[in-house]
Amino acid sequence: MTEKVKKRRDTIINVAFVAMILGLIFFFVKYLFGVTAPFLLSFFFAVCLQRPLRKLDKKTNNKMHTFWSMFLIIVVLAVIIGPVVLILSLIGKEIIEFISFLGEELNDLPNFLATLQNEIISLLKFLPDGIYTSVSDKINVFFTNLINDFDLSKLNIDIKSITNGLTSGITGVYSVVKNIPSAILSIVIGIIAWIFFTKDYNYIVGFIKRQLPDSKKNILSETKQIFSKTILKMLRAYGIIMFITFCELFLGLSILNLIGVMNNGYVFMIAIAIAVFDILPVAGSGGILIPWAVVSLILGSYPKAIGLIVIYVVITVIRQYIEPKIVGTSLGVHPIVTLAGLYFGLKLFGFMGMFIVPLAVMTLKAFNDAGRIHLYKTPDRN
């Protein structure tokens with residue numbers, strides 16, 4: 001076999017291997033993740049409880065292992081469920097009120113467009129008269145048509161379309177309500193599995209290891225180490241950064257409210273939304289704060305615009321300072337790869353895919369860097 005043929009064969013094998021891995025990931029996320037999620041999450045939580053459980057077992061010479069397992073799970077549930085229920089109820093109330101607030105704000109959109117039209121025409125006065133007249137006429141026509149689109153009296157709304165919309169909405173609500181018993185069942189099954197995984201963790205892991213060949217005995221321990229040192233560390237780090245960003249936004253927007261620059265009762269909801277948006281690659285908090293400041297500037301709310309820009313600058317400066325210290329060594333996933341993961345995750349698997357696919361990409365990157373899999377060669381960085 002010639003060297004050229006051998007290289008082609010190796011290339012085909014590598015491509016087939018990558019395609020197989022991607023196919024397995026797609027099949028698992030598309031068809032198995034929802035079914036296995038209660039058991040996967042319960043096993044993950046059981047792993048997290050092993051360190052405190054071992055410390056408690058050591059103090060009692062393993063005589064109260066089952067008791068300590070149940071005790072830790074009850075404590076975690078009590079600590080999590082109360083705040084989560086409270087936060088979800090507050091967020092739900094805020095979302096409903098915020099949607100109503102946005103509806104009221106949209107009523108002022110024609111005024112905003114008219115103000116923007118005048119500002120643009122004013123900025124073009126430096127053009128020669130002939131060009132200025134032609135361009136301004138086109139701008140006037142464009143904005144007039146745009147403003148007219150928001151005149152509800154000119155919209156052709158018939159009873160049939162309203163009926164169809166209500167029917168669709170009722171069907172959607174029914175679909176959600178119908179799935180509530182299934183979700184409750186999954187939670188109950190997950191908690192029961194969590195108890196067994198926590199109590200019998202050593203037995204279960206030992207059983208799995210006995211089924212593996214001698215050369216693969218340590219794969220579970222290595223996988224746990226890789227996952228905990230990379231993925232979990234990164235998720236915890238960015239969770240801290242998101243919390244810090246939320247605090248900065250909540251404090252900054254509250255100050256703007258207190259000094260009378262802004263009059264908005266939805267600071268908590270806005271801070272959460274921007275903090276989540278800030279984690280997304282490329283976008284960042286500036287994707288919301290800067291356009292918001294520009295709109296405020298056009299509408300003549302100069303103090304609000306300045307305040308929003310100051311908040312953005314503070315968030316950016318603090319982020320640049322704390323991110324290297326909190327995150328430490330990055331996984332090295334390029335933002336374009338993460339962005340592609342968000343897009344394809346949304347297209348292939350829906351909303352949850354926006355989180356699952358980027359996490360899967362980061363996991364594969366961590367395993368490839370550790371040498372457990374060989375999907376690609378790591379490029380040299382100059």
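Residues take their numbers from the sequence shown, with the count starting at 1.
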Find out whether [X] and [Y] are in side-chain contact, i.e. whether some heavy atom of one side chain is under 4.5 Å from a heavy atom of the other.
| X | Y | value |
| --- | --- | --- |
| Tyr312 | Ser285 | yes |
| Phe197 | Gln50 | no |
| Asn257 | Leu253 | no |
| Ser296 | Leu308 | yes |
| Ile187 | Pro38 | no |
| Phe71 | Met64 | no |
| Leu249 | Leu289 | yes |

| query | Among all residues two or more places apart in sequence or in another chain, which pass the side-chain hydrogen bond (donor to acceptor under 3.5 Å, both in side chains) test with Trp68? | reply | Thr60

Rounded distance [0.5 Å steps], [atom1] in [X] versus [atom2] in [Y]:
| X | Y | atom1 | atom2 | value |
| --- | --- | --- | --- | --- |
| Ile306 | Ser301 | CD1 | OG | 11.0 Å |
| Leu72 | Arg51 | CG | CZ | 13.5 Å |
| Ile240 | Thr245 | CD1 | OG1 | 11.5 Å |
| Leu41 | Ser186 | CG | OG | 10.5 Å |
| Cys247 | Ile318 | SG | CD1 | 10.5 Å |
| Phe45 | Thr198 | CZ | OG1 | 10.5 Å |

Minimum heavy-atom distance between [X] and [Y], given as atom pair plus value:
| X | Y | answer |
| --- | --- | --- |
| Gly307 | Leu256 | CA-CD2, 3.9 Å |
| Ser42 | Ala193 | OG-CB, 3.5 Å |
| Pro291 | Gly287 | CG-O, 3.3 Å |

| said: Looking at Met70, I want to see if its CE is surrounded by more than 12 non-hydrogen atoms of other residues, nucleotides or ligands under 6.0 Å. | reply: no

| Candidate pair Val47 and Tyr201, rule side chain to side chain contact (heavy atoms under 4.5 Å, CB included), full reasoning | CA-CA 8 Å; Val47 172; Tyr201 177 81; 3.7 Å; yes

Grouping I, L, V, M, F, W and Y whenever their side-chain heavy atoms are under 4.5 Å apart, do [X] and [Y] come out in a common cluster?
| X | Y | answer |
| --- | --- | --- |
| Phe243 | Ile270 | no |
| Val79 | Ile73 | yes |
| Phe250 | Ile259 | yes |
| Phe207 | Val205 | no |
| Leu56 | Ile74 | no |

| query | So, the side chain of His65 versus the backbone of Lys199: is there a donor-acceptor pair under 3.5 Å, distance only? | reply | yes

| query | Are Val76 and Trp194 close enough, and set up right, to give a side chain to side chain contact (heavy atoms under 4.5 Å, CB included), and what steps lead you there? | reply | CA-CA 12 Å; Val76 172; Trp194 186 11; 3.6 Å; yes

| task | Show which residues join Tyr302 in its hydrophobic cluster (side-chain heavy-atom contacts under 4.5 Å, direct or indirect), or state none. | result | Leu297

| task | Please step through side chain to side chain contact (heavy atoms under 4.5 Å, CB included) for the pair Phe43 and Phe196, ending with a clear verdict. | result | CA-CA 9 Å; Phe43 183 76; Phe196 285 115; over 6 Å; no

| request: Carefully, step by step, assess Ile311 and Glu248 under the rule side chain to side chain contact (heavy atoms under 4.5 Å, CB included). | output: CA-CA 8 Å; Ile311 292 174; Glu248 293 165 353; 5.9 Å; no

